[in-house]
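Letters A, B, ... mirror the listed sequences (proteins, then strands); counts begin at 1.
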Amino acid sequence: MELVEESPHRYRIPAHGAMRVPGVVFASRALLTDVRQALQQVVNVATLPGIVGASYAMPDVHWGYGFPIGGVAATDVADGGVVSPGGVGFDISCGVRLLAADTDAEAFRRALPAVMDGLDRAIPRGAGPGGVWHLTGPGQLERILAGGSRYAVEEGYGEARDLTRCEDGGAVADADTAQVGPRARERGLAQVGSLGSGNHFLEVQWVDEVYDAEVADAFGIAAGQVCVMIHCGSRGVGHQICTDHVRAMDRAMPRHGITVPDRQLACAPVDSPEGRDYLGAMAAAANYGRANRQLLSDAARRVFRRAAGARLSLVYDVSHNLAKIESHPVAGPGVDAVAGPGPGASVETGTGPGAETGPGERRRLCVHRKGATRAFPPGHPDLPEDLRDVGQPVLIPGTMGTASYVLAGVPGGDAFASTCHGAGRVLSRHQAARETTGAQVRDRLEAAGIAVRPRSLRGLSEETPEAYKDVTEVVAASEGAGLCRTVARLVPLGVVKG
DNA sequence: ATGTGC
């Protein structure tokens, strides 16, 4: 496959065969090792009906179900554009939430063991059922699916201010709970307020380095400050919804006259019964994921209050697995996404004030972000007022025991205002577990001064840092590609895992 | 990611 280096962090796969648009890969040379399968998926995605601009890959791209993880694709709703569950992934609305404590790491050290023990008891995790809420009936699940974090806060599990620091104010309005099937509901009942397993975690971290003090200050974080980062999704609900709607679309594709190069790219026009049904169910799962993070935040807050006398305030909550209907400028047909980022250079800049002046007509697009984070630039109307001048906070969870990052959206960013989402796997779970044992991983973390509260040792071995790309390099490549700017680095004091 | 594998 031809990969043309256009700039140090931007590569292009020229459109060929059935591709309707080119592929654009943001990466460094080092990050391009072992991504052959993922880049074939970038090519496959470029054939989808209605796709505009390019099929994008973020620097943390790796192989996924149909679409690559670290992929961004937008389709034109009025031009037969499709929505594909594979473009969101099985863990619908998986995302990250960051809370900042009113204490610094030095003062906090003494309280750490008690806080970790408290979190160990308070945070449900691991595969299968178990959550902080025990639902009393189906009506309560209905309200979670429709109301997300907003419902959790109404019920007393948070502060009104939290909602101003959540993407979409804590809930998307277009959830269609009638499209959430019985199996998804059944699984959802018993998992409200739980981390799950795999790379999901709750970490106690501290701000080890600030790169942009002004933006960090606006976000509410400062050097030395203790934070809590929560990375989790919509558990069995999202998984079952993805499964159910992939099947429905797979059956409906012939009726819509759609053929795809890979069955895992099952899709339907956004403006079709199957497309609308999926988007409504996906929005319900998104709300479930947000409520999930809100409830875990409340559990962490109680522990911090009791064991450390500390208060946690929300920095931001953002998903990295979601499709959204957004308006972006798009160049006319025949115009490729050739140019790199820079003044006047990009064909489909992000939304925001810069976008209106760029070339192309604004179109209603279905933007799929799978393992990619929305990164609105300064001035975007959907940002809360106190963040409007600095841009959207972007939260990047690192590999267990290494670093995580806080980034900010920038003007002129390419890929429909999106950036990376994390480190990205290089070893499969199985391979990782063969490299080391959970006990070894635990001992290494403890020797580095990081407290670990795992639910299973097997899970720890699968998450060994060697299984992932270097998150620092991913973040540097994303900034180098003009997708975001680096604001702060966070390092763990303690890890709670499934 | 996932009651982890049709």
Side-chain angles (χ1 to χ4, degrees), chain A residues 38 41 58 60-71 84-97 124-131 135 141 180-202 230-247 250 263-264 281-282 285-286 288-290 292-293 296 318-323 368-373 396-397 399-400 421-434 438 454-464 467-469 497-498:
Chain A
Q41 294 186 313
M58 301 295 121
D60 46 339
V61 71
H62 57 288
W63 179 82
Y65 181 89
F67 286 59
I69 297 161
S84 173
V88 173
F90 279 85
D91 195 2
I92 297 167
S93 193
C94 180
V96 186
R97 174 179 281 232
R125 57 202 191 273
L135 300 193
L141 180 65
V180 179
R183 288 182 82 186
R185 286 169 186 274
E186 194 186 325
R187 293 174 73 171
L189 276 174
Q191 300 181 323
V192 192
S194 62
L195 272 184
S197 57
N199 65 359
H200 290 167
F201 65 72
L202 183 152
I230 299 171
H231 176 209
C232 65
S234 54
R235 306 293 327 275
V237 171
H239 192 273
Q240 192 64 50
I241 286 172
C242 183
T243 303
D244 294 347
H245 289 260
V246 162
R247 186 170 307 154
D250 188 57
R263 218 171 160 181
Q264 296 183 352
M282 182 209 72
Y288 187 98
R290 277 101 181 252
N292 200 14
R293 291 192 284 275
L296 292 173
V318 65
S319 170
H320 47 235
N321 283 3
L322 215 55
H368 301 74
R369 295 187 182 90
K370 179 188 191 179
T373 315
I396 305 299
T399 305
M400 180 176 58
H421 88 300
R425 262 194 184 275
V426 285
L427 297 182
S428 70
R429 293 187 195 296
H430 204 76
Q431 285 172 316
R434 256 194 323 236
R455 177 85 189 278
S456 88
L457 284 175
R458 164 85 194 184
L460 269 196
S461 66
E462 291 176 348
E463 293 300 312
T464 185
Y468 286 88
K469 295 180 189 181
K497 277 196 79 77

Task: Under the ring pair (Phe, Tyr, Trp, His ring centres under 6.0 Å) test, residues paired with A:F201 that sit two or more places apart - done: A:H231
Nucleotide [N], atom [atom2] - distance to [atom1] of [X] in whole Å:
| X | N | atom1 | atom2 | result |
| --- | --- | --- | --- | --- |
| A:Q191 | B:dT4 | CD | C1' | 13 Å |
| A:H245 | B:dT2 | NE2 | P | 19 Å |
| A:D91 | B:dT2 | CG | P | 6 Å |
| A:Q240 | B:dT2 | CD | C1' | 10 Å |
| A:E463 | B:dT2 | CD | P | 11 Å |
| A:F90 | B:dG5 | CZ | P | 10 Å |
| A:H430 | B:dT4 | NE2 | C1' | 12 Å |
| A:E462 | B:dT4 | CD | C1' | 9 Å |

TODO: Remember a base hit wins even if backbone is also touched, and classify A:G233 as base, sugar-phosphate or nothing at under 4.0 Å, heavy atoms.
DONE: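 A:G233: no heavy atom of the nucleic acid under 4.0 Å.
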Open item on the list: Need one value for A:R425: base, sugar-phosphate or nothing, where a base atom within 4.0 Å counts as base even if backbone is also close, heavy atoms only.
Closed with: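 Nothing: the residue A:R425, judged by heavy atoms under 4.0 Å, touches no strand.
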Open item on the list: Contact between A:S319 and A:R369 at the side-chain level, heavy atoms closer than 4.5 Å - yes or no?
Closed with: no
Open item on the list: Between A:W63 and A:R425, is there a side-chain heavy-atom distance shorter than 4.5 Å?
Closed with: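 Contact flag for A:R425/A:W63 side chains = no.
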Task: B:dT2 OP1/OP2 closer than 4.0 Å to side-chain N/O of A:S197 - done: yes
Open item on the list: Just N and O in the side chain of A:R429: are any of them under 4.0 Å from OP1 or OP2 of B:dT4?
Closed with: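 No, because none of the side-chain N or O atoms of A:R429 sits under 4.0 Å from OP1 or OP2 of B:dT4.
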TODO: Identify whether the distance between the nearest side-chain nitrogen and carboxylate oxygen of A:D60 and A:K469 falls below 4.0 Å.
DONE: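 So A:D60 does not pair with A:K469 through a salt bridge.
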